[in-house]
There are 2 protein chains.
Amino acid sequence: MVEKSLYSKHISTQFNAELEDVRQRVLAMGGLVEQQIIDATRSLMDGDGMLGETVRRNDYKINQQEVFIDEECSRILARRQPTASDLRLVYAVIKTITDLERIGDEAERIARMAADLASQERLRYGYNEIQHLSKHVSQMVHDVLDAFARMDIEAALAVAKEDVTVDREYEALMRQCITFMMEDPRQIRRVMDLIWVVRSLERIGDHAGNIAEYVIFFVKGKDVRHLSLEQMERHVRGEDVLPENGPSAGAQ
Amino acid sequence: MVEKSLYSKHISTQFNAELEDVRQRVLAMGGLVEQQIIDATRSLMDGDGMLGETVRRNDYKINQQEVFIDEECSRILARRQPTASDLRLVYAVIKTITDLERIGDEAERIARMAADLASQERLRYGYNEIQHLSKHVSQMVHDVLDAFARMDIEAALAVAKEDVTVDREYEALMRQCITFMMEDPRQIRRVMDLIWVVRSLERIGDHAGNIAEYVIFFVKGKDVRHLSLEQMERHVRGEDVLPENGPSAGAQ
């Protein structure tokens, strides 16, 4: 269900180019964020403190992109005075980059823990499960950016659903970490570092889920935050759409 | 340095009323969020699981307000096509309510831990320090809403500075919790509940700091996120303002 055409109806080619530019910048920012998660996790897995440091140093690039895109959105709002789906696109971008920036912060936190752990003896447990969880959430970030690029609400819905699985993996891993600490209290400090990594990964899943909601908002013109997954699904499938909420009504 | 007049220069009384309404709604939402932090902490202190449940049930009100205010902002953007400081106000509101909603989520998490802990034997430590930290961050939320209400950038700057103290208290409390766990591993599960509370309180401080930055952005027309506190302070004091950024440019 790809609805790219939604935001390219107006006549001004220049305006089209501006919207396309901001969209491309969000995708580029997202690509950087995704790479930061992957690198932060690799620095943890390989005990590579240098790579962890690089991730921490690179966070400013994500911050710069957020500020730049916000400025661009402000300019578009002031000069182009968008309405309907164009306005919804700008709105979705403003919300999306906040979550992307915070995913970047979580990647930085993971890198900090990785750098800390790299200087100590390696724990014999937890790493495989963390790698699995990290792959899962970075795939979610990848998929939600893909959904954003194609404005594909089915793909966005799939990401929102994945978050439930991530939460379950998180709970299981957290119980395991607590067991590790109880069995070997001398390792508590190091296990706490792992716990912060696990927590950050879980938060990344949440942020990806938020972005999925903005994609659905853009395409369907309805705010699906704080709905249950079932309600969200009915909405995406168009089973509960009242006429005044339809995309034909434009944004508002 | 109160600059309320900034957003009330235009001629349309109706438009003025709409902006004032959205501003009032943000303050009302903020008041509810503040109360949720206070109640969540009280439920922890008093071991009052019922109050914790009430906090969890009330979170939907905050979510509703977020959705409502976002819709109102969309309507204002589409119909009024604001520019300059009016646009910045709407932009600051859009960003602020995201952080307020996430503070609400943290309060809900605290309430969940409180409800969990209420059903178990009470730990003999940590509570006083947590109460202190909670008072500190709820004061920050109170102060930043006050800064938002009066668009007072000196007050906003003070909140941003407080966050540094909160981070220090957080670090100390976290070290203490780790010591508790090492000294008495049988308590690890319960101390972990306290750790999540401490973490949530620290995140509330971060969100209050974010809102402080939006207030400064609104008044000064410059994005101060990701600046150091010193740079932010120089900016608020007008010591690094280039002519084109100056308040004399109107909006900006």
Side-chain angles (χ1 to χ4, degrees), chain A residues 59-60 62-64 66-68 70-71 73-75 77-84 86-88 90-91 94-95 97-99 101-102 105 174-175 177-189 191-193 195-196 199 203 206-207 210 217 221-227 250-252, chain B residues 59-60 62-64 66-68 70-84 86-88 90-91 94-95 97-99 101-102 105 174-175 177-189 191-192 195-196 199 203 206-207 210 217 221-227 251-252:
Chain A
D59 186 53
Y60 84 96
I62 294 169
N63 298 342
Q64 273 184 344
E66 183 196 21
V67 170
F68 187 90
D70 261 328
E71 283 170 358
C73 287
S74 281
R75 265 194 303 273
L77 288 172
R79 289 192 196 152
R80 299 292 179 179
Q81 314 191 319
T83 58
D86 296 329
L87 176 58
R88 283 209 308 283
V90 175
Y91 218 96
I94 294 172
K95 296 281 185 184
I97 58 176
T98 304
D99 281 280
E101 191 271 334
R102 291 181 190 172
D105 288 346
M174 207 48 85
R175 276 195 298 274
C177 285
I178 290 176
T179 307
F180 295 150
M181 289 198 287
M182 294 177 86
E183 285 173 354
D184 191 356
R186 289 164 310 163
Q187 309 299 350
I188 285 176
R189 265 179 232 283
V191 178
M192 277 308 298
D193 279 354
I195 282 179
W196 295 128
R199 176 67 155 199
R203 298 312 310 266
D206 287 344
H207 289 296
N210 292 342
F217 163 73
K222 177 165 161 74
D223 197 331
V224 294
R225 290 175 297 187
H226 318 304
L227 295 185
Q252 11 228 314
Chain B
D59 186 53
Y60 84 95
I62 294 170
N63 298 343
Q64 274 185 344
E66 184 197 20
V67 170
F68 187 90
D70 261 328
E71 284 170 357
E72 208 168 50
C73 287
S74 282
R75 266 194 301 274
I76 290 175
L77 288 172
R79 290 192 195 152
R80 299 291 178 180
Q81 313 191 319
T83 57
D86 297 329
L87 175 57
R88 282 209 310 283
V90 175
Y91 218 97
I94 295 171
K95 295 282 186 185
I97 58 176
T98 304
D99 281 280
E101 192 269 335
R102 289 178 191 175
D105 288 345
M174 209 48 86
R175 276 193 299 273
C177 285
I178 290 175
T179 307
F180 295 150
M181 289 197 287
M182 294 176 85
E183 284 173 355
D184 191 356
R186 289 164 311 163
Q187 309 299 348
I188 284 176
R189 264 179 232 283
V191 178
M192 276 308 298
I195 282 179
W196 295 128
R199 177 67 155 199
R203 299 312 309 266
D206 287 345
H207 289 296
N210 293 342
F217 163 73
K222 177 164 162 73
D223 197 330
V224 294
R225 290 175 298 187
H226 317 305
L227 295 185
Q252 306 247 351

A.B. asks: Chain A heavy atoms under 4.5 Å from B/Arg199: which part of the residue, side chain, backbone, both or neither?
C.D. replies: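 Side chain only.
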A.B. asks: Does any part of the side chain of B/Asn63, heavy atoms only, come nearer than 4.5 Å to the side chain of A/Arg225, both counted from C-beta?
C.D. replies: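 They are not in contact (no side-chain heavy atoms under 4.5 Å apart), so the answer is no.
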A.B. asks: At a heavy-atom distance under 4.5 Å, which candidate from A/Lys95, A/Arg175, A/Glu101 has the highest pair count against chain B?
C.D. replies: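 The candidate making the most pairs under 4.5 Å is A/Lys95.
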A.B. asks: Using 0.5 Å steps for rounding, measure from the CD atom of B/Glu183 to the CD1 atom of A/Ile188.
C.D. replies: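 CD1 of A/Ile188 is found 10.0 Å from CD of B/Glu183.
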A.B. asks: Could you tell me the separation between the CD1 atom of B/Ile178 and the CE atom of A/Met181, rounded to the nearest 0.5 Å?
C.D. replies: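 Answer for the CD1-CE pair, B/Ile178 versus A/Met181, is 8.5 Å.
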A.B. asks: Let's test your reading of the structure: which of A/Arg203, A/Arg186, A/Glu71, A/Gln64 forms the most heavy-atom pairs below 4.5 Å with chain B?
C.D. replies: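 Max contact count across the listed options: A/Arg203.
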A.B. asks: Is B/Tyr91 reaching over with its side chain to a backbone N or O of A/Ile94, donor-acceptor style, under 3.5 angstrom?
C.D. replies: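 No, the answer is negative, given that no donor and acceptor are paired below the 3.5 Å cut-off.
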A.B. asks: Between A/Leu77 and B/Val90, is there a side-chain heavy-atom distance shorter than 4.5 Å?
C.D. replies: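 Contact flag for B/Val90/A/Leu77 side chains = no.
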A.B. asks: How long is the span from the NE2 atom in B/His226 to the CG atom in A/Asp59, to the nearest 0.5 Å?
C.D. replies: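 With rounding to 0.5 Å, NE2 (B/His226) is 8.0 Å from CG (A/Asp59).
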A.B. asks: What distance separates B/Gln187 CD from A/Met182 CE, expressed to the nearest 0.5 Å?
C.D. replies: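 That separation rounds to 8.5 Å.
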A.B. asks: What I'd like to find out is whether the side chain of B/Met192 reaches to under 4.5 Å of the side chain of A/Met192, using heavy atoms alone.
C.D. replies: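 Yes, their side chains come closer than 4.5 Å.
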A.B. asks: Could you check if a side-chain atom of A/Asn210 sits within less than 4.5 angstrom of a side-chain atom of B/Arg102, using non-hydrogen atoms only?
C.D. replies: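 Yes, at least one pair of side-chain atoms sits under 4.5 Å.
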A.B. asks: Give the minimum heavy-atom separation between A/Thr83 and B/Ala78, together with the two atoms involved.
C.D. replies: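 Between these two residues, the closest heavy atoms are CG2-O, 3.8 Å.
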